[in-house]
Amino acid sequence: MLNIMDQTAVNAVKLIQNPLLDKIMIFFTSLGDNGIIWIILLIVLLSGKKTRNKGVVLLITVITVFILTNYMKEEFHRVRPYEYMNFIPKVKTSGTSSFPSAHSAVAFAVFGVYYFYNLRYKYVIGVIALIIAVSRFYLEVHYLSDVMAGIALGLTVSYILFHVNEIILKSVKINNIYGILKRFFTGERQQ
């Protein structure tokens, strides 16, 4: 049995579905397939000297979210909407369970890293992430609650890893300053 929010979302989607919107949503959901768009953004960050550290955080964030979503899918075994309502979906799925939406989780994990680091194009990435997330329940391969859980997971992991990275960087800077001061006052030479 569906909860009220998911049932309301399913009914609302049925009212607005049309061939043009189907094509738009299929395009956006395909951006999340295989993570190609996110891999491109990762390469861009890793290739810049000033953004390399942020690229590493993005890589760790995406891997963490991927692992967590797959673990959660195995634990929850939620049937996808098209399976529950017995129809053929407009797009192919991974065949895993519905909860949470990995497309939404990864999209918002990437957006989170861009947002928390205040990187250029963060709002463009945010809009793309949002449309990808909406496309997942519009195309009825996820329930609204799957998508919302994916968004929350992606943002939470990116927020935590952003702060962990900042703490590590501050610790390294403090240790470097301590070492410099120690050498200055003791006259030790670095070997």
Side-chain angles (χ1 to χ4, degrees), residues 9 13 16-18 20-70 72-73 90-94 96 98-173:
V13 163
I16 63 169
Q17 283 179 330
N18 65 68
L20 176 62
L21 202 49
D22 289 355
K23 288 178 183 173
I24 292 168
M25 292 300 177
I26 289 169
F27 169 76
F28 276 97
T29 211
S30 71
L31 290 177
D33 293 346
N34 304 317
I36 300 300
I37 188 172
W38 312 130
I39 292 169
I40 292 167
L41 291 173
L42 177 62
I43 291 168
V44 168
L45 286 181
L46 289 172
S47 64
K49 194 172 187 177
K50 291 182 179 181
T51 58
R52 191 163 295 135
N53 178 269
K54 295 161 183 77
V56 171
V57 172
L58 179 59
L59 177 63
I60 293 168
T61 301
V62 168
I63 290 170
T64 303
V65 166
F66 182 76
I67 290 168
L68 288 172
T69 56
N70 283 310
M72 292 171 77
K73 284 174 181 288
K90 294 177 172 96
V91 293
K92 288 186 177 188
T93 65
S94 63
T96 60
S98 188
F99 184 86
S101 167
H103 276 69
S104 302
V106 171
F108 274 86
V110 173
F111 168 66
V113 169
Y114 270 75
Y115 180 81
F116 297 127
Y117 281 111
N118 198 27
L119 296 172
R120 182 184 283 177
Y121 305 118
K122 65 181 172 274
Y123 294 118
V124 172
I125 292 167
V127 169
I128 292 169
L130 182 61
I131 298 172
I132 287 172
V134 169
S135 75
R136 301 306 286 170
F137 74 85
Y138 173 89
L139 294 169
E140 299 175 301
V141 293
H142 283 289
Y143 298 102
L144 181 58
S145 57
D146 300 338
V147 170
M148 291 172 60
I151 290 170
L153 179 65
L155 288 174
T156 301
V157 170
S158 62
Y159 180 79
I160 291 169
L161 292 177
F162 163 77
H163 283 291
V164 166
N165 185 56
E166 292 300 299
I167 291 167
I168 290 169
L169 287 177
K170 286 178 184 172
S171 173
V172 168
K173 287 177 185 174

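Nothing here was measured: the structure is a model prediction, and the numbers come from that model.
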- prompt: Any side-chain heavy atom of N165 sitting closer than 4.5 Å to one from Y117?
  reply: yes
task: Kindly determine whether I16 and Y138 satisfy side-chain contact (heavy atoms from CB on, under 4.5 Å), including the steps that lead there.
output: CA-CA 9 Å; I16 63 169; Y138 173 89; 4.2 Å; yes
task: For L45 and L119, run side-chain contact (heavy atoms from CB on, under 4.5 Å): C-alpha distance rounded to whole Å, both residues' side-chain angles, the deciding distance at 0.1 Å, then the answer.
output: CA-CA 10 Å; L45 286 181; L119 296 172; 3.9 Å; yes
statement: d(L46 CG, I39 CD1) to nearest 0.5 Å is 11.5 Å
message: Checking the side chain of H142 only, and the main-chain atoms of F137 only, is there a donor and an acceptor separated by less than 3.5 Å?
response: no
- request: To the nearest 0.5 angstrom, please state how far the CG atom of L139 sits from the CZ atom of F28.
  value: 12.0 Å
message: Distance check, rounded to the nearest 0.5 Å: I151 atom CD1 versus D146 atom CG?
response: 11.0 Å
- request: Please indicate whether F99 has more than 12 foreign heavy atoms, meaning atoms of other residues, nucleotides or ligands, lying under 6.0 Å from its CZ.
  value: yes
message: Testing the basics here: between A105 and V65, what is the closest heavy-atom pair and its distance to 0.1 Å?
response: CB-CG1, 3.5 Å
Residue of the set L161, L42, T61 for which side-chain contact (heavy atoms from CB on, under 4.5 Å) holds with V113: T61
message: To check you understand the geometry: which heavy-atom pair defines the closest contact between G112 and L155, and what is its length?
response: CA-CD2, 4.1 Å
task: Locate the shortest heavy-atom distance separating S104 from R136; write the atom from each residue and the value.
output: OG-CG, 4.2 Å
query: Considering all heavy atoms of both residues, which atom of P100 and which atom of G150 are nearest to each other, and what is their separation?
result: CB-N, 3.9 Å
query: How about Y121 and L41: do any of their side-chain heavy atoms sit closer than 4.5 Å?
result: no
- prompt: Relative to each other, are the rings of F111 and Y115 parallel, tilted or perpendicular (30° and 60° limits)?
  reply: tilted
field: T156 versus A152, closest heavy-atom pair with distance
entry: OG1-O, 2.7 Å
query: Is L153 close to M72 at the side-chain level, that is, under 4.5 Å between some pair of heavy atoms?
result: yes
- prompt: Side chains of I37 and I128: closer than 4.5 Å at any heavy-atom pair?
  reply: yes
- prompt: Under 3.5 Å, side chain of N18 to main-chain N/O of L20, donor-acceptor pair present?
  reply: yes
- prompt: Is there a side-chain contact between Y123 and V127, using heavy atoms and a 4.5 Å cut-off?
  reply: no
message: Using a 6.0 Å cut-off, check whether atom CE of M148 has over 12 heavy atoms from anything other than its own residue.
response: no
- prompt: When you measure from the side chain of T29 to the backbone N and O of I26, does any donor-acceptor pair fall under 3.5 Å?
  reply: no
message: I need the minimum non-hydrogen distance between K73 and S98, along with the two atoms involved.
response: NZ-O, 3.8 Å
query: How many angstroms lie between OG in S135 and CG in D22, if you round to the nearest 0.5 Å?
result: 11.5 Å
task: Evaluate side-chain contact (heavy atoms from CB on, under 4.5 Å) for W38 paired with I125, printing each intermediate quantity in order.
output: CA-CA 10 Å; W38 312 130; I125 292 167; 4.2 Å; yes
message: So does F66 get a backbone contact from the side chain of N70, meaning a donor-acceptor N/O pair under 3.5 Å?
response: yes
- prompt: Atom CD in E140, atom CD in Q17: separation rounded to 0.5 Å?
  reply: 4.5 Å
- request: Please round to the nearest 0.5 Å and tell me the distance separating atom CG of L59 and atom OG1 of T64.
  value: 9.0 Å
task: Report yes if some heavy atom in the side chain of H103 is under 4.5 Å from a heavy atom in the side chain of D33; otherwise report no.
output: yes
